[in-house]
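Heads up: the structure comes next, in structure tokens.
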Amino acid sequence: MKTIESLGDLQGKAVLVRSDFNVPLDGQRITDDGRIKAALPTLNALLEAGAKVIVTAHLGRPKGKVNPDFSLAPVAKRLGELLEAPVKFAADTVGEDAKAKVAELAPGEVLLLENIRFDPRETSKVDEERQALAAELAAFADCFVSDGFGVVHRKQASVYDIAKLLPAAAGKLVFKEIDSLSRVTGEPERPYGVVLGGSKVSDKLGVIANLLSKADMLLIGGGMAYTFLAAKGYSVGTSLLEEDQIEAVKGYLAEAQEKGVEIVLPVDVVTAAEFSADAEPIVFAADQIPADRMGLDIGPKSQELFASKIASAKTIAWNGPMGVFEFATFAGGTKAVAKALSEGDCFSVIGGGDSAAAVRQLGFDESTFSHISTGGGASLELLEGKTLPGIAVLED
Ligand code: ADP
Ligand code: MG
């Protein structure tokens, strides 16, 4: 994958950067600026190199129509504060205002273009439509830097087509994401443990299939654990169960045995009578779940078991919360896994939107993990072993 350095001397050059500024908004207020912060290393490097920096990004799902609710104007303001430099803002993406502001941009300055998804061609399934938009963007710049990790799994004009029109490279965020995620999908240091949770097995079939052949142990928690417990013949009460996946799970259990991969399932679970934040939690052994209760977290013995397995590993990939961490009563399992990871000295990668949110929400210091992915869908597709269009195009 080409890096920014491969683009040569950037002094006075116009560089178009695709960033991921898809931040949560409450009206005009940005409630979490993590994605803007994640974009800073690349933008600062380009500014230091003396480039004219033009940034394109999307916000929300405006569905190809101009909609002020999804304007990037609040992002321009916050980006300026974080860069400690003024950020210019174009009121359109490739229209008259963008053209005029690109023309007058000076080296060392930043211009943010309005939401690229106001233009229906960005996400069009018709190649020619996307290519036409990409050509209009390409006319603004001498080269392209792809740094929106959250969108690299999308074949879109500002992600994929643009990289075919200009000299293109991966930005620092995309480089770090690929570097970290490829360590857990390639040749990890062993023992290698994969911790999987989240709501459904069916969302994670691709991840299980890909990592089962690479891991030394697979720790299963979260909602998906109940389909595994059911596959072993246990009753799971009213827990989340995907009956139609039991056969698939039996297949994984057999494959694991054949390959010598250890499967670690919860030995106890924290149950509730209903799915509610203030339901009374009662712990049961995993093979003793009452018919009228649902498992909403892994129990204390399982937490200890999972923590000790994690402590024995040199590499850990974690995707999916161990329980309904949004309810404080059922966040213990997710907290225990995060704690074990942050205390261990293994190489640890956390992928998945809710998993990353859980670690932050539970107050863990992000720097104690080797890598927390900024892209939910993109990180899952990498864990599934897929080739992402926005990455492949940087390798050509
Ligand atoms: P990620 O976004 O990290 O890939 P998922 O989207 O697969 O994770 O799963 C996250 C969701 O799984 C959370 O909202 C959490 O509440 C839910 N979840 C975890 N354990 C359970 C459970 N035992 N029962 C129901 N939902 C669960
Ligand atoms: Mg999710």
Side-chain angles (χ1 to χ4, degrees), residues 22 24 32 34 149-150 153 177 181 184 194-208 210-211 218-230 234-242 245 249 265-277 279 281-284 286 289-290 293-300 302-303 306 316-338 341 348-362 364 366 369 371-384 386:
N22 192 21
D32 178 359
F149 181 70
H153 58 313
E177 290 274 6
L181 283 152
V184 298
V194 174
V195 186
L196 288 179
S199 50
K200 297 199 263 165
V201 185
S202 52
D203 290 343
K204 305 288 166 74
L205 294 173
V207 179
I208 301 173
N210 185 41
L211 296 184
L218 206 53
L219 284 58
I220 310 271
M224 71 160 74
Y226 302 94
T227 304
F228 276 80
L229 293 173
Y234 300 172
S235 325
V236 297
T238 56
S239 309
L240 197 61
L241 170 65
E242 288 177 281
Q245 299 299 334
V249 166
L265 295 176
V267 291
D268 58 352
V269 299
V270 186
T271 67
E274 76 276 320
F275 189 88
S276 151
I282 305 180
V283 176
F284 286 95
I289 303 174
R293 296 187 71 85
M294 61 182 76
L296 294 184
D297 196 10
I298 60 172
S302 310
Q303 294 176 20
F306 281 29
I316 293 278
W318 176 23
N319 167 256
M322 294 292 101
V324 184
F325 71 94
E326 295 92 336
F327 301 158
T329 316
F330 304 101
T334 303
K335 213 181 257 179
V337 163
L341 265 186
S348 54
V349 174
I350 304 175
D354 291 293
S355 313
V359 166
R360 293 202 182 91
Q361 190 188 308
L362 296 172
F364 283 89
E366 291 178 37
F369 307 98
H371 184 67
I372 303 180
S373 180
T374 58
S379 63
L380 276 186
E381 289 197 17
L382 285 169
L383 294 176
E384 288 170 3
K386 285 193 185 148

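All values derive from a computational prediction rather than experimental measurement. Atoms within each ligand, like the ligands themselves, are counted from 1 in listed order.
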### Query
Any idea which heavy atoms bring Gly221 and Ile298 closest together, and the distance?
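Nearest heavy atoms, Gly221 then Ile298: CA-CG2, 4.1 Å.
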As a check for students: among Gly323, Gly295, Ser355, Ser199, identify the option with a heavy atom nearest to atom 23 (N) of ligand 1.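 The nearest heavy atom belongs to Gly295.
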Q) So which of Asp354, Leu241, Asp297, Asn319 gets nearest to atom 2 (O) of ligand 1, if we judge by its closest heavy atom? A)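 Considering heavy atoms of Asp354, Leu241, Asp297, Asn319, the nearest to atom 2 (O) of ligand 1 sits in Asp354.
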Is a side-chain donor or acceptor of [X] paired with a backbone partner of [Y] at a separation under 3.5 angstrom?
| X | Y | value |
| --- | --- | --- |
| Asp297 | Gly332 | yes |
| Ser302 | Val267 | yes |
| Thr271 | Ile282 | yes |
| Ser373 | Gly375 | yes |

Quick check: does Gly223 get an N/O under 3.5 Å from an N/O on ligand 1?
->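 Yes, Gly223 has an N/O under 3.5 Å of an N/O on ligand 1.
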For the 3.5 Å polar cut-off, considering only N or O atoms, please tell me whether Lys204 and ligand 1 meet it.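 Yes, since at least one N or O of Lys204 sits under 3.5 Å from an N or O of ligand 1.
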| task | Verify whether one side chain among Gln245 and Thr227 offers a donor that lies under 3.5 Å from an acceptor in the other. | result |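 Thr227 and Gln245 do not have a side-chain donor-acceptor pair below 3.5 Å.
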Between Thr374 and Glu177, is any side-chain donor less than 3.5 angstrom from a side-chain acceptor?
->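 Present: a donor and an acceptor within the cut-off.
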For Val324, take its heavy atoms, then give the atoms of ligand 1 lying under 4.0 Å from any of them.
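What qualifies from ligand 1 is 16 (O), 19 (C), 20 (N), 21 (C), 22 (C), 24 (N), 25 (C), 26 (N), 27 (C).
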- [ ] Would you mind running through ligand 1 and noting each atom that sits below 4.0 Å from a heavy atom of Tyr226?
- [x]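 That gives atoms 23 (N) of ligand 1.
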Please confirm whether Gly353 comes under 4.0 Å of ligand 1, counting heavy atoms of the residue only.
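Yes.
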Q) So which protein heavy atom does atom 15 (C) of ligand 1 come closest to, and at what separation? A)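 Here the closest protein heavy atom is Glu326 OE1, 3.5 Å.
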**Prompt:** Protein N/O/S atoms under 2.8 Å from the Mg ion (ligand 2): how many?
**Reply:**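 Considering protein N, O and S only, the Mg ion (ligand 2) has 1 within range.
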Find out whether Val283 and Pro300 are in side-chain contact, i.e. whether some heavy atom of one side chain is under 4.5 Å from a heavy atom of the other.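 Heavy-atom side-chain distance check passes, below 4.5 Å.
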- Task: Give me the one residue out of Val249, Val194, Val201 that meets side chain to side chain contact (heavy atoms under 4.5 Å, CB included) with Ile208.
- Result: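 Passing option: Val201.
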Evaluate the criterion ring pair (Phe, Tyr, Trp, His ring centres under 6.0 Å) for residue pair Tyr234 and Tyr226; output intermediate values, then yes/no.
CA-CA 9 Å; Tyr234 300 172; Tyr226 302 94; over 10 Å; no
